[in-house]
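A short write-up of the structure that comes next.
We count ligands from 1, going down the list as the structure has it; atoms in each ligand are counted the same way.
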Amino acid sequence: MNLNKAVRLDEDNIAIRRITERCIDCGRCKTICENLVGIKYDYNKTKEAICINCGQCILNCPVGALVPKYDYKKVLDYLHDTNKTVTISIAPAVRTSIGEGFGLEAGTFLEKQLVGSLKEAGFDYVFDVTFGADMTVVEEATELIERLKTKKNLPQFTSCCPAWVKYLEIFHENLRKNLSTTKSPIGILSSLLNTYFLKIKELDKKDVINVVVVPCTAKKFEIKRTEMGMDIAITTSELIMLLKESNIDINKSKEENFDEIFSKGSGSGVIFGSSGGVLEATLRCADYLLTGKENNVFLDFKEIRSSDKIKEANVKVGNYHLKVAAISGMPSFETILPKLNDYDFIEVMNCPNGCVGGGGQTLVPIAKQQGINLKRSEGLYQDDKMSKIKISYKNPDVINIYKTYLDYPGSPKALKLLHTNFKDRSNILKEKSF
Ligand code: SF4
Ligand code: SF4
Ligand code: SF4
């Protein structure tokens with residue numbers, strides 16, 4: 001079948017695949033890509049399709065012709081290999097959407113049963129990406145304070161959304177210096193798994209496979225971009241398939257706790273999954289690092305918790321008066337671009353309402369999608385409300401790893417292991433092969 005209206009996807013796209021026989025060439029994916037994601041370009045001018053791997057087209061295909069590139073079968077193979085130690089780490093937004101795959105209401109918060117189901121499936125260690133999120137917050141808050149002191153490369157942009165980072169690298173290469181160099185939560189966790197964890201467990205990397213579950217197809221791209229990345233990234237929808245193929249019903253799984261070392265996250269780490277969550281968490285931590293006190297404003301930061309695509313606030317962090325924003329979607333970023341110098345710190349996430357609306361989340365029929373992301377976000381904010389520890393730098397596991405391994409936030413060792421750099425990808429716009 002000739003596809004005329006469908007979005008162009010290359011065979012070697014690392015995250016997304018089209019099952020051509022199912023496609024009815026309705027053009028919905030192209031409309032979503034152009035209008036929701038904001039990727040507009042002349043197909044005849046570029047050698048490669050320009051895709052930031054976000055998976056929003058998957059969620060909006062009416063006939064299921066678009067799917068993530070499945071990697072969960074590889075995970076099943078490793079689980080059956082007795083010579084391999086297999087770790088799995090769970091991202092925050094997965095725990096309020098996995099239940100939908102097992103007949104539960106959207107937003108149902110499942111953590112302990114999820115850990116139990118993964119133990120049942122044969123994973124040797126189950127870790128919490130929320131710990132990695134706390135580490136990202138501490139390093140990113142430290143970086144923000146440094147930039148405010150030196151007045152360099154402001155506004156600071158968050159960099160934990162790989163779709164946004166790739167968009168910036170392609171379309172706004174001149175702003176690359178504004179990206180926070182702090183690795184994303186899974187980037188940090190994988191660096192620590194490949195160094196600290198191997199060392200204390202006396203394991204050899206060749207015998208260990210590190211898997212991460214994310215609500216995000218773009219993470220399949222992110223794990224390949226740096227050294228010490230996770231070995232395999234699977235989406236929430238792939239995890240549901242893995243559990244079902246292993247005859248595991250999460251409703252019947254025992255409740256278990258995450259494994260020690262990377263087991264505890266603060267409320268800040270959990271709200272990462274919602275638009276505005278990274279901003280709120282980083283400001284909580286920056287203010288705490290500067291004042292030594294918990295500031296109530298940042299414990300329930302209402303101005304940043306709405307479902308608006310552009311959320312702004314003026315805040316006092318330590319003695320700094322800052323203008324901050326949380327942006328959802330690339331078109332919203334383009335809207336604020338002319339007044340970029342007004343801001344000090346900007347969170348940018350690609351997907352509607354943040355990672356709760358990610359392209360790797362549980363598939364829900366289009367007619368039933370209305371309001372579902374907000375329910376998932378509410379589940380995360382509720383968990384933050386119930387958390388005893390709300391500031392990342394107060395997480396005892398975080399304090400311990402700085403004390404025993406990394407020295408202090410922003411130390412030379414932390415900069416080496418927990419920070420990264422980005423690429424100029426603007427060439428993709430210039431290559432003409434037709
Ligand atoms: S939305 Fe699905 S069916 Fe429609 S053109 Fe795209 S891939 Fe084909
Ligand atoms: S994954 Fe995102 S950027 Fe790529 S084609 Fe789909 S909607 Fe567009
Ligand atoms: S917003 Fe979250 S789910 Fe969506 S592309 Fe970015 S990191 Fe992935």
Side-chain angles (χ1 to χ4, degrees), residues 1-10 13-41 43 48-69 91-94 97 129 133 136 158-168 170-171 184-187 212-223 233 235-237 272-278 309 326-333 347-361 366 373 376-377 380 428:
M1 176 186 183
N2 281 336
L3 300 183
N4 300 312
K5 297 189 204 149
V7 74
R8 184 179 148 196
L9 281 174
D10 292 339
N13 189 309
I14 201 161
I16 319 286
R17 184 169 73 90
R18 178 166 27 234
I19 305 168
T20 314
E21 314 81 74
R22 283 194 200 161
C23 176
I24 54 172
D25 201 28
C26 68
R28 199 178 158 100
C29 49
K30 191 170 175 216
T31 306
I32 290 293
C33 192
E34 288 188 351
N35 299 340
L36 180 71
V37 183
I39 307 281
K40 293 184 183 159
Y41 65 102
Y43 280 13
E48 291 173 42
I50 298 177
C51 171
I52 56 172
N53 313 111
C54 68
Q56 287 302 311
C57 49
I58 296 179
L59 299 181
N60 288 284
C61 172
V63 294
L66 294 169
V67 288
K69 279 259 170 87
V94 176
S97 62
V129 173
T136 295
T158 58
S159 60
C160 50
C161 169
W164 145 245
V165 169
K166 192 173 178 188
Y167 180 89
L168 187 108
I170 295 171
F171 294 102
S184 72
I186 69 163
V212 64
V213 190
V214 278
C216 173
T217 48
K219 293 281 173 188
K220 289 180 186 283
F221 171 75
E222 182 191 301
I223 64 168
T235 62
T236 315
S237 54
F272 243 67
S274 186
S275 162
V278 183
K309 290 181 178 169
I327 305 295
S328 176
M330 301 305 107
S332 307
F333 176 72
E347 175 201 293
V348 190
M349 292 286 167
N350 178 74
C351 300
N353 305 104
C355 303
V356 288
Q361 286 285 37
I366 293 168
N373 293 339
R376 292 170 178 165
S377 287
L380 297 178
I428 192 173

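Within the 3.5 Å criterion, the main-chain N or O of Gly187 finds a donor-acceptor partner in the side chain of Ser184. Side-chain N or O atoms of Asp10 include none that pairs as donor or acceptor with a backbone N or O of Asn13 at under 3.5 Å. Remark: side-chain polar atoms of Thr158 are paired, donor with acceptor, to backbone N or O of Val348 under 3.5 angstrom. Gln56 places no side-chain N or O within 3.5 Å of a backbone atom of Asn350 that could act as its donor or acceptor partner.
When all heavy atoms of Thr236 and Val94 are compared, the pair lying nearest together is OG1-CG2, 3.7 Å. Listed here is the closest heavy atom pair of Gly38 and Tyr167: O-CE1, 4.1 Å.
Below 4.0 Å from some heavy atom of Gly27 lie the following atoms of ligand 1, by number and element: 4 (Fe), 5 (S). Listed by atom number, the atoms of ligand 1 under 4.0 Å from Pro62 heavy atoms are 1 (S). Interface atoms of ligand 1 facing Val63, defined by a heavy-atom separation under 4.0 Å, are 3 (S). Every atom of ligand 1 with a heavy atom of Cys23 under 4.0 Å away is listed here by number and element: 3 (S), 5 (S), 7 (S), 8 (Fe). Atoms of ligand 3 lying under 4.0 Å from at least one heavy atom of Gly358, given by number and element, are 3 (S). Residue Val37 approaches ligand 2 through these ligand atoms, each under 4.0 Å from one of its heavy atoms: 7 (S). Those atoms of ligand 3 that come under 4.0 Å of a heavy atom in Ala163, given as number and element, are 5 (S). Of all atoms in ligand 3, numbered sequentially from 1 with element shown, those under 4.0 Å from a heavy atom of Asn350 are 1 (S). Within the listing of ligand 1, atoms 5 (S) sit less than 4.0 angstrom from a heavy atom of Ala6. Here is the list of ligand 2 atoms found below 4.0 Å of a heavy atom in Gly55: 1 (S), 2 (Fe). Each of the atoms 7 (S) of ligand 3 lies under 4.0 Å from some heavy atom of Pro162.
Residue-ligand proximity: Arg18 is placed with a non-hydrogen atom under 4.0 Å from ligand 1.
Closest protein heavy atom to atom 7 (S) of ligand 1: Leu66 CG, 3.6 Å. Counting only heavy atoms of the protein, atom 6 (Fe) of ligand 3 lies nearest to Cys161 SG, 2.3 Å. Cys216 SG, 2.3 Å is the protein heavy atom nearest to atom 8 (Fe) of ligand 3. Looking only at protein heavy atoms, the nearest one to atom 2 (Fe) of ligand 3 is Cys355 SG, 2.4 Å. Atom 4 (Fe) of ligand 3 has Cys351 SG, 2.3 Å as its closest protein atom, hydrogens excluded (heavy atom only).
Selection from Asn4, Thr20, Ile24 by nearest heavy atom to atom 3 (S) of ligand 1 gives Ile24.
Heavy atoms of Thr217 found under 4.0 angstrom from ligand 2: none, in either backbone or side chain. Contacts between Ile16 and ligand 2, counted as non-hydrogen atom pairs separated by less than 4.0 Å, involve the side chain only.
At a cut-off of 2.8 Å, Cys33 is not counted among the residues with an N, O or S atom near atom 6 (Fe) of ligand 2. Under 2.8 Å from atom 4 (Fe) of ligand 1 lies an N/O/S atom of Cys26, whether from backbone or side chain.
Contact annotation: the side chain of Arg18 never approaches that of Cys61 to less than 4.5 Å [non-hydrogen atoms, C-beta and beyond]. Side chains of Cys26 and Pro62 form a contact here, defined as non-hydrogen atoms less than 4.5 Å apart.
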Test Leu66 against Asn60 for side chain to side chain contact (heavy atoms under 4.5 Å, CB included), laying out the working first.
CA-CA 9 Å; Leu66 294 169; Asn60 288 284; over 6 Å; no
Give the intermediate values and the outcome of side chain to side chain contact (heavy atoms under 4.5 Å, CB included) for residues Ile327 and Lys309.
CA-CA 6 Å; Ile327 305 295; Lys309 290 181 178 169; over 6 Å; no
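If you run side-chain hydrogen bond (donor to acceptor under 3.5 Å, both in side chains) between Asn53 and each of Lys166, Lys69, Lys219, only Lys166 comes through. Test Val212, Val213, Thr136, Val214 against Val129 for side chain to side chain contact (heavy atoms under 4.5 Å, CB included) and you get one pass: Val212.
Side-chain contact annotation: Gln361 with Thr235, donor-acceptor N/O pair under 3.5 Å absent.
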